[in-house]
Amino acid sequence: MENITSTTYRVTDKIELDSIATHEDFDVSNKKLKKGLKKVRKELGEFQDTLYAHSKYSVLICIQGMDTAGKDSLIREVFKDFNARGVVVHSFKVPTDLELKHDYLWRHYIALPAKGKFGVFNRTHYENVLVTRVHPEYLLRENIPGIHEVADVDQKLWDKRFEQINNFERHIAENGTIIFKFFLHLSKEEQRHRLLRRLRLKRKNWKFSPGDLDERLLWDNYQACYEEAINETSKTHAPWYVIPADNKKSARLIVASVLLEELKKYKDIKEPELSPKIKANLESYKKQLESE
């Protein structure tokens, strides 16, 4: 598993999703995958403490994928060793009435992580070029000038949104936000197995919705939208990583490994130096406490 490198999964040129593998297990057992993740996430947790103390960068992690791709469990397992004060997870649902009174990026902008913190977007601003593209009727709720009916929605609107998203990400990157975007690449057959598991296991029933089957019928539409969104918005300052997601344990290890490898490149992220005065008096402070 030492051969996990970020470049293997980073999108640097035009891709076709149906030519990218959805399964990876590195020819090792699930036990070894879990052990590997435990080691990597411990290092990530230590980096998070340093990032918090340094307080000049923030890290934004965007996670997208089809239903059942494993977003929730990945977040739970990858960030398990983080200090709770240093990571904030946002799960974006259907926009509220208040959110619809603003532009579509507003609710994401106000949820961005503060300096020194990790922010995880479980579903992201990309829903605005995915779900709304597969279901253009949803756009009518946004009350956009010039969009009065579905027939008004054309390619120009999506091209403009790609441009706006690129500008948004460039702006926050230039102001200290380190951006990672992960697409959990799930096969349609594996999704079928996971949906069946939700139906067969009583403790999983609550996760199932009949709407999941309706969305599954639109699988090809979603794949096409994901492919174009990734191709149009994978940039040096905000790269996409396509992660094989049929094996949840390997997907978690890959995401954690990519994060650690890339974050280690920021050599300027260090714990702040003590002032010369405090450093010179450390021994006296220790003696003061020890003498109590």
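Computed from heavy atoms alone, side chains included, the values below leave out hydrogens, waters and symmetry copies.
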Could you tell me whether [X] and [Y] make a salt bridge, using a distance below 4.0 angstrom between a side-chain N and a carboxylate O?
X	Y	value
K287	E290	no
R161	E142	yes
K39	E43	yes
K14	E232	yes
D67	R123	yes

Can you check side-chain hydrogen bond (donor to acceptor under 3.5 Å, both in side chains) on Q164 and Y104, steps first, answer last?
-> CA-CA 10 Å; Q164 291 163 348; Y104 69 94; 2.7 Å; yes
Within the structure provided, determine whether [X] and [Y] are in side-chain contact (heavy-atom separation under 4.5 Å).
X	Y	value
K235	E169	no
E262	Y241	yes
P113	V59	no
E190	N247	no
S91	K93	yes

If you round to the nearest 0.5 Å, how far is [atom2] of [Y] from [atom1] of [X]?
X	Y	atom1	atom2	value
L195	R200	CG	CZ	11.0 Å
I61	F118	CD1	CZ	5.5 Å
L44	D49	CG	CG	11.5 Å

Are N231 and E227 linked by a side-chain donor-acceptor pair shorter than 3.5 Å?
-> no
Does the side chain of H108 come under 3.5 Å of the side chain of E99 through a donor N or O and an acceptor N or O?
-> no
With under 30° as parallel and over 60° as perpendicular, where do the rings of [X] and [Y] fit, or are they tilted in between?
X	Y	result
H171	Y109	parallel
F79	F82	perpendicular
H125	F121	perpendicular

When clusters are formed by joining ILVMFWY residues with side-chain heavy atoms under 4.5 Å apart, either directly or through shared neighbours, do V87 and L37 land in the same one?
-> yes
Indicate if L260 and Y52 have the same hydrophobic cluster label, given that clusters are the connected sets of ILVMFWY residues with side-chain heavy-atom separations under 4.5 angstrom.
-> no
If you look at every heavy atom in P136 and V150, which pair is closest and at what distance?
-> CG-CG1, 3.9 Å
What do you reckon, is [atom1] of [X] surrounded by more than 12 foreign heavy atoms closer than 6.0 Å?
X	atom1	answer
D154	CG	yes
K265	NZ	yes
K270	NZ	no
E137	CD	yes
K188	NZ	yes

Trace of the ring pair (Phe, Tyr, Trp, His ring centres under 6.0 Å) decision for W240 with Y226 | CA-CA 11 Å; W240 274 102; Y226 266 113; 7.6 Å; no
With K80, which residues qualify under side chain to side chain contact (heavy atoms under 4.5 Å, CB included), at least two apart?
-> R41, E77
side-chain hydrogen bond (donor to acceptor under 3.5 Å, both in side chains) between E261 and S6, worked out | CA-CA 7 Å; E261 178 188 342; S6 62; 3.1 Å; yes
Between T22, D212, L196, L186, which is the residue that forms a side chain to side chain contact (heavy atoms under 4.5 Å, CB included) with Q191?
-> L186
